[in-house]
Amino acid sequence: MLTRLTGARIIDPAHGVDDVVRDLYIRDDRIVAGPKPGESVDRVWDANGTIAMAGAIDLHTHIGGGKVNIARALLPEFNRREALPATDICGACTGGPAPSTLATGYRYAAMGYTACFEPAMLPVNARQAHLEMGDTPIVDKGAYALLGNDDFFLDQLATGADPRAVRDYVAWILHATHAIGVKVVNAGGISAFKFNQRKLDVDEPHTHYRVTPRQIVRELALAVHELGIPHPLHVHASNLGVPGNVDSTLATIAAAEGLPIHLTHLQFHSYGTEGDRKFSSAAGRIAEAVNAAPNVTVDVGQIMFGQTVTASGDSMLQYRNARHGRPAKWVIMDIECDAGCGVVPFRYRDRDFVNALQWAIGLELFLMIRDPWRVFLTTDHPNGGPFTSYPHLIKLLMDRTFRNDVLASINPEAAKMSALGALDREYSLYEIAIMTRAAPARILGLGDHGHLGVGACADVVIYEPDADPETMFARPRWVFKDGQLVAERGAIVAVTRGSIHTVKPPFDRGIERQLEAWFARYQTQSMASFRISDEEVCACGQAPRLVVHDCRER
Amino acid sequence: MAARTATCAFCGLLCDDLEVDVVGATLRPLRGACERATAAYATLGTDAATRARPRVAGRPVDFDEALDAAAALLRAGRRPVISGLDVDVAGMRSVLALARRLGAVVDHVHGPVKYRNLHALQEGGAITTTLAEARNRADLMILIGTGWHRRFPRFVERIIAPEPFLGGTGAPRRIVTVDAIEGEARRALPANVEHLPLDAAPGQLPAVVAMLGALADRQPVDAGRITGVAPGTLERCVDWMRAARYGVVVWSAADLDWPHAELTVQALARCIRSLNRDTRFVGLPLAGTDGDLTANAVQTWQAGVPLPASYANGRVDFDPSRHALPRVLARGEADLLIWVSSLGHAPPPLSGSLPRVVLGRADLVVDHGVDVFIPVATPGIDAAGHLLRTDKVVTLYLPRVRVSTLPSAASVVDALAGRLG
């Protein structure tokens, strides 16, 4: 089946193509140069006057796994208000702060997103994460395995294990859980909370293992780098949401010692203690540090005003911040000598000083970090707000007048404390395409995603240009997933299943001798039960393909 | 003959260390089987069970004929209710697809029991833990009620008896049993623990829990008012709670069998929250038996709301007061019962002349009033499957241990949906 999309203005930053009108050809599920000699075009789509981009990629969105499901179960009063009725092809489900997997897949696809990455898959919860992602239709999926709070790794560090053994363990986890990257959340802090430590600064030792977050971040960043995993260590830094945490964030950047790291939901980690209320923006200092550190990439975790729910592995800080939550009910879990989680609903209000300043801090980061290849568009869904607010966020970035109008309507004290009004920058469509397509594909090592070159997978989005970017990005005219039309002007027209993206770096299987003994002594399942086979993960994930991306051992 | 390692599907602990002797289709547990597993294997692990046949109005038929008869009932039904739901993840995925198709009401056989914990969660949240945390860190466990031992027979051996290793102090684990009556649970406790029995008169358990919470919160209360509690015991228990470094409260919602038991679960959650101001304290509700957590989890992620739910009129509606199975049956709101049950042996309820289609465990004894019976594979025995463990964190893959021609619940439900055209 050969398809031609005619006359669209192509924006494809991976190839430096900015607003060039040309035809796109799709053969089955791939982009091709054009018809082979004698081959006829089966279907032509008239895309004159439209804008074509590759399918968007969300590299940090909590779409599957136990804590999201706890959030759904906790808040029926919100989800039941947002019932999505069944259509001929879509099942009845609900949206809300923690939307159902069905709504998640439908809504991402309708918005032109074709790949989503769950950033906090606890290794012991990996099966459930893959099962939930498997019930998330249309989009491709991948997940980062959470490490750095598990007793096995902390024990390795505390007992001075050979760095090769740490590497082997990291690789073993990636294989066993089918992850595409490694994330650390509040390094050591989730574990320390189990020992009743209530805070853990970057150079503060864990009360039992006597290792520091700095050591943990460095060891994991090194292991990820040496295994040649494309995605750098994904870091949720220490002291999430705490005024003054700018120091922890800068110390975490330093802890990487020049190794690649990705700092996630940076907005929640860019707070100072200036002013009468001892809460201020430190976005300027953070942006300066990021601009000066080419080894660092970030995503913002912008907050959006309204009701949401925060679901994080960071049990220590979620417990600490739970008193700010609305409605006042929350869940904290210690999990299986592996990690933890905290689910706290939040209602971000534009008239609230702290919330308004958080909103401004996120935008300051977007506008002050210069290189769009190193800053990604996220709300840390659902923690800062739902992913459905991305079109609104894009408008805030692209339209300075609109941004300043909103700034004028928020808590005036917060607006006064923020540098936002003085920032003139407006993102171009090209820069939006970088931060939502080309750059995430590059940093995840997804060779055939995020671009429109020959050989790319045929995830293509056709937008109708509009003076209002929110309108343009909310409902693309057509969304093609693997060459098939799946959404048209916001409506799902075909329900397909996405692939699972993983990495499988080589490692020494000798580590399994230690692991088997560890499982037998401390865990409540055997090592064999823990490990998920390729065949099983495809069944869990209802995935047509398990895609293994290349690692380059260093 | 071959010994195989198996994962047991017959309570929420999902022990993965059973050794089962397999001779043809005959299964005999050699190691790791508790009384629940032994009972299930005794009736399921027979050659006859694999040869169970479908029946229509009591008459043995082949699978096709049974599917045709069931599909005819499904086509005729206007307000079906699907229950049982003691199935694996794949089974529940198929059930929900069918429920959406039929506009059915969906509830688990243990729905009202399960909802005690969920209701408390939705009112106030929770601080909880998982099996390995409890086993390795707890220096104090408070065991509420008497049924946990019978319902989760290897909890003592697997979680209480091992020494707490990770961060343990070396001191013996402290155990408080909060019983209203003398129990076999107490006799089962290992010798290496320091045990405080906290007895009360029958029916006093909610009061004891409330009083512990008040004392832990340093409220001015008169602990002597609760009948049947030895003087000073409540105070001693609270002293232990305050002194604990990692305290775990264990209960099974099935034991809290009185009206508005969710208030007791909420009182436990409040008590745990208070104690966390100074130390670490967590809850460990025991559940997961007969796939209650599995069914609820799949429904919750696919629909965004838990069970019980209705899919009538192309919408999903979560409403525990309206869609609970006992109420739907009592009010005659359903005109067809579809019972899907591959793990437990609870018989489908009788409700007047309500037609019943039963997809059940091969050894399920059904009354003659059942219109269609189709035997299905049991996960972990006849077919592989996924189940959620008691702590809602660990999902285990249960490989099959014998070759069996029994179809999986998922495949039968899919076949039924396929016949609806």
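Reminder, nothing fancy here: chain letters follow the sequence lines and each chain counts from 1.
Under a 3.5 Å cut-off, the side chain of A:Asp135 and the backbone N or O of B:Gln302 do not form any donor-acceptor pair. Panel note: side chain B:Asp16, backbone A:Ser529; no donor-acceptor pair is recorded below 3.5 Å. The backbone N or O of A:Ile335 lies less than 3.5 Å from no partner atom in the side chain of B:Thr130, so there is not a single donor-acceptor pair. B:Thr395 places no side-chain N or O within 3.5 Å of a backbone atom of A:Arg127 that could act as its donor or acceptor partner. Using modelled atom types, one side-chain atom of A:Arg80 and one backbone atom of B:Phe318 make a donor-acceptor pair closer than 3.5 Å. Remark: the backbone N or O of B:Gln122 is paired with a side-chain donor or acceptor of A:Lys329 at under 3.5 angstrom. Side-chain atoms of A:Asp334 never come within 3.5 Å of backbone atoms of B:Thr129 as a donor-acceptor pair (strictly under, hydrogens ignored).
A pairwise comparison of heavy atoms in A:Gln128 and B:Val393 identifies OE1-O, 4.3 Å as the closest pair. When every heavy atom of A:Thr524 is checked against every heavy atom of B:Arg135, the shortest pair comes out as CG2-CD, 4.2 Å. In plain terms, the two heavy atoms of B:Ala132 and A:Cys337 that are nearest each other are O-SG, 3.8 Å. When all heavy atoms of A:Ala92 and B:Gly314 are compared, the closest pair comes out as CB-O, 3.4 Å. Across all non-hydrogen atoms, the minimal contact from B:Arg137 to A:Asp151 is NH2-OD1, 2.8 Å. Between B:Leu396 and A:Gln525 the shortest heavy-atom distance is CD2-OE1, 3.5 Å.
Residue B:Arg280 touches chain A through both its backbone and its side chain, counting heavy-atom pairs closer than 4.5 Å. Heavy atoms of A:Cys341 lying under 4.5 Å from chain B are absent altogether. Proximity to chain A is limited to the side chain of B:Val282, based on heavy atoms less than 4.5 angstrom apart. Interface residue B:Arg315: backbone and side-chain heavy atoms are both found under 4.5 Å from chain A. Neither the backbone nor the side chain of A:Ala129 comes within contact range of chain B, judged by heavy atoms closer than 4.5 Å. Contacts between A:Asp338 and chain B at a heavy-atom distance below 4.5 Å involve the backbone alone (N, CA, C, O). Using a 4.5 Å cut-off between heavy atoms, B:Tyr311 contacts chain A through its side chain alone, with no backbone atom that close. Contacts between B:Leu118 and chain A at a heavy-atom distance below 4.5 Å involve the side chain alone, from C-beta outward. Contacts of B:Arg101 with chain A are absent, with no heavy-atom separation under 4.5 Å from either backbone or side chain. A:Lys194 touches chain B through backbone and side chain together, each having a heavy atom under 4.5 Å away. With a threshold of 4.5 angstrom between heavy atoms, B:Ile159 approaches chain A through side-chain atoms but not through N, CA, C or O. Neither the backbone nor the side chain of B:Gln299 comes within less than 4.5 Å of any heavy atom in chain A. Both the backbone and the side chain of B:Val305 come within contact range of chain A, with heavy atoms under 4.5 Å apart. Neither the backbone nor the side chain of A:Ala103 comes within contact range of chain B, judged by heavy atoms closer than 4.5 Å. Neither the backbone nor the side chain of A:Phe530 comes within contact range of chain B, judged by heavy atoms closer than 4.5 Å. For chain A, no part of B:Leu96 is nearby; none of its heavy atoms comes within less than 4.5 Å.
Using a 4.0 Å cut-off between charged nitrogen and carboxylate oxygen, B:Glu163 and A:Arg521 do not count as a salt-bridge pair. Salt bridge status for B:Asp278 with A:Arg198: absent, with no side-chain N to carboxylate O gap under 4.0 Å.
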Between B:Trp301 and A:Leu102, is a side chain to side chain contact (heavy atoms under 4.5 Å, CB included) present by the stated rule, with each step listed? CA-CA 8 Å; B:Trp301 76 60; A:Leu102 295 182; over 6 Å; no
Is there a side chain to side chain contact (heavy atoms under 4.5 Å, CB included) between B:Lys392 and A:Met333? Walk through the geometry before answering. CA-CA 11 Å; B:Lys392 295 195 275 190; A:Met333 277 188 90; 5.6 Å; no
Checking side chain to side chain contact (heavy atoms under 4.5 Å, CB included) for the pair A:Arg531/B:Tyr397: CA distance, chi angles, key distance, verdict? CA-CA 10 Å; A:Arg531 196 170 39 204; B:Tyr397 175 73; over 6 Å; no
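The candidate from B:Gly304, B:Gly125, B:Ala134 with the greatest count of non-hydrogen atom pairs under 4.5 Å with chain A is B:Gly304.
The structure places CG of B:Asn276 at 8.0 Å from CG of A:Asn196, a figure rounded to the nearest 0.5 Å.
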